[in-house]
Amino acid sequence: MSQNLPHILLTGFDPFGGESINPSWEAVRFFDGRRIGGHRIIARQLPTEFAGSLRALKAAVREITPVMLLGVGQAGGRAQLSIERVAINVQDARIPDNAGVQPVDEPVIADGPAAYFSTLPIKAMLAALQAQGLPSEISQTAGTYVCNHIAYAMLHLASKRRGVRAGFIHIPYLPEQAAHQRGAASMAKADVVLALEIALRTAIATTVDRKLAAGAID
Ligand code: PCA
């Protein structure tokens, strides 16, 4: 048992918005302690709270000193795995977070840049997921709620640490959530778990991203 493997911090969120589960944590927790591509995965649940999630993220980074951070969150209504390209320096909450706080047009980091691009190989990850038959896309916005906030914070923290990369993936509802929402798309947990394993393996193995067209017109 090698204790000294480099660590990857993989995060999911607790339920929010009236849901009783969050698919991100349901999938992410499967990986805690597992070894993938010569790395040890440490899974952590973050609260769906602007301030609380940042505190928990900073504490986890201090404790684990990860070489890679991958955040995962629920994007109810999206039909595919969404590999996020960018995180922006704004909090604009349509609903209060789990602490009852609803920031509008506040920065994530007061003196931070307007945005960070993912430093994971998003196109290589997309190609690997599609090759497995998993519905996936590049997303050009992670929203302005707690997921974007954490994606931005991960990239901000990573930017200060040499060689540390970070990124974010939004996932659809699980079928049991979609079952009571008319017309909502969903993805089975086994598929999400497989997708996250492929995404992690690809991110670990790929330092220079592929050049594949996966942009959006709207
Ligand atoms: N999704 C929310 C926050 C927590 C989660 O799982 C979002 O997309 O911002």
Side-chain angles (χ1 to χ4, degrees), residues 9-32 43-60 69-109 112 115-116 118 120 122 135-157 166-178 180-181 184-189 191-193 195-196 199 216:
L9 176 61
L10 182 67
T11 67
F13 286 95
D14 69 356
F16 70 103
E19 295 290 328
S20 55
I21 55 169
N22 188 317
S24 65
W25 178 242
E26 297 306 313
V28 156
R29 67 182 184 183
F30 168 83
F31 290 93
D32 191 39
R44 289 289 161 87
Q45 187 188 75
L46 303 177
T48 301
E49 299 173 14
F50 285 93
S53 63
L54 187 55
R55 267 197 308 275
L57 174 66
K58 283 182 175 165
L69 299 89
L70 179 61
V72 184
Q74 163 188 312
R78 289 198 193 174
Q80 301 189 307
L81 299 153
S82 292
I83 306 165
E84 299 296 347
R85 186 195 294 266
V86 62
I88 58 178
N89 193 11
V90 69
Q91 308 169 333
D92 188 357
R94 188 168 48 76
I95 56 171
D97 70 9
N98 284 353
V101 177
Q102 188 171 8
V104 173
D105 296 350
E106 306 277 344
V108 178
I109 307 278
Y116 284 108
S118 173
L120 299 185
I122 59 170
S136 27
E137 63 187 353
I138 299 297
S139 162
Q140 323 300 336
T141 172
T144 57
Y145 196 49
V146 181
C147 287
N148 170 77
H149 172 78
I150 279 302
Y152 185 95
M154 283 182 165
L155 284 159
H156 186 73
L157 293 173
F168 198 93
I169 297 181
H170 264 121
I171 63 173
Y173 285 132
L174 291 179
E176 60 259 47
Q177 295 176 285
H180 57 80
Q181 310 213 26
S186 64
M187 188 174 286
K189 184 163 81 180
D191 283 352
V192 178
V193 167
L196 293 180

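On a predicted model such as this, the values are computed, not experimentally measured, just so you know. Counting starts at 1 for both ligands and their atoms, in listed order.
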A.B. asks: For His170, which part has a heavy atom under 4.0 Å from ligand 1: side chain, backbone, both, or neither?
C.D. replies: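 The side chain, only.
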
A.B. asks: Which atom names give the shortest non-hydrogen contact between Val72 and Ser24, and what distance separates them?
C.D. replies: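 What the structure gives for the nearest pair is O-CB, 3.4 Å.
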
A.B. asks: Taking 4.0 Å as the limit for heavy-atom contacts, which would you say applies to Phe13 with ligand 1: side chain only, backbone only, both, or neither?
C.D. replies: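 Looking at Phe13 and ligand 1, just side chain atoms fall under 4.0 Å.
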
A.B. asks: Does any N/O atom on Gln74 come nearer than 3.5 Å to any N/O atom on ligand 1?
C.D. replies: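 Looking only at distances, the answer is yes, because the N/O contact criterion of under 3.5 Å is met.
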
A.B. asks: Hey, which atoms in ligand 1 end up nearer than 4.0 Å to a heavy atom of Asn22?
C.D. replies: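 Matching atoms, with element in brackets: 5 (C), 6 (O).
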
A.B. asks: Looking at every non-hydrogen atom in both residues, tell me the closest pair between Val193 and Phe31 and how far apart they are.
C.D. replies: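 Taking every non-hydrogen atom into account, O-CZ, 3.2 Å.
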
A.B. asks: Hey, is the main chain of Glu49 close enough, under 3.5 Å, to the side chain of Asp97 for a donor-acceptor pair?
C.D. replies: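 Flag not set: sc Asp97 to bb Glu49 has no pair under 3.5 Å.
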
A.B. asks: Got a donor-acceptor contact below 3.5 angstrom from the Gln102 side chain to the Ala93 backbone?
C.D. replies: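 Indeed, once roles are kept as given, a pair shorter than 3.5 Å links the two residues.
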
A.B. asks: Return the closest protein heavy atom for atom 3 (C) of ligand 1 as residue, atom name and distance.
C.D. replies: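 Heavy-atom neighbour on the protein nearest atom 3 (C) of ligand 1: Cys147 SG, 3.2 Å.
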
A.B. asks: Looking at ligand 1, does any of its N/O atoms fall within less than 3.5 Å of an N/O of Thr48?
C.D. replies: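 No, Thr48 has no N/O under 3.5 Å of an N/O on ligand 1.
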
A.B. asks: If the cut-off is 4.0 Å to any non-hydrogen atom of Tyr145, which atoms of ligand 1 fall inside it?
C.D. replies: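 By the 4.0 Å cutoff, the relevant atoms are 2 (C), 3 (C), 7 (C), 9 (O).
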
A.B. asks: Taking all non-hydrogen atoms of both residues into account, name the closest pair between Thr11 and Gly71 and its distance.
C.D. replies: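 The answer is OG1-CA, 3.4 Å.
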
A.B. asks: For ligand 1, which atoms, with element, lie under 4.0 Å from some heavy atom of Val146?
C.D. replies: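 Counting from 1, the qualifying ligand atoms are 3 (C), 9 (O).
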
A.B. asks: To the closest 0.5 Å, what do you measure between CD (Glu84) and CD1 (Ile138)?
C.D. replies: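 Glu84 CD to Ile138 CD1: 9.0 Å, rounded to 0.5 Å.
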
A.B. asks: Provide the closest heavy-atom pair for Ala166 versus Ser118 in the form atom of the first, atom of the second, distance.
C.D. replies: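 Looking at all heavy atoms of both residues, the closest pair is O-OG, 3.5 Å.
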
A.B. asks: Could you tell me, atom by atom, which parts of ligand 1 come under 4.0 Å of a heavy atom of Gly73?
C.D. replies: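 In order of number, 6 (O).
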
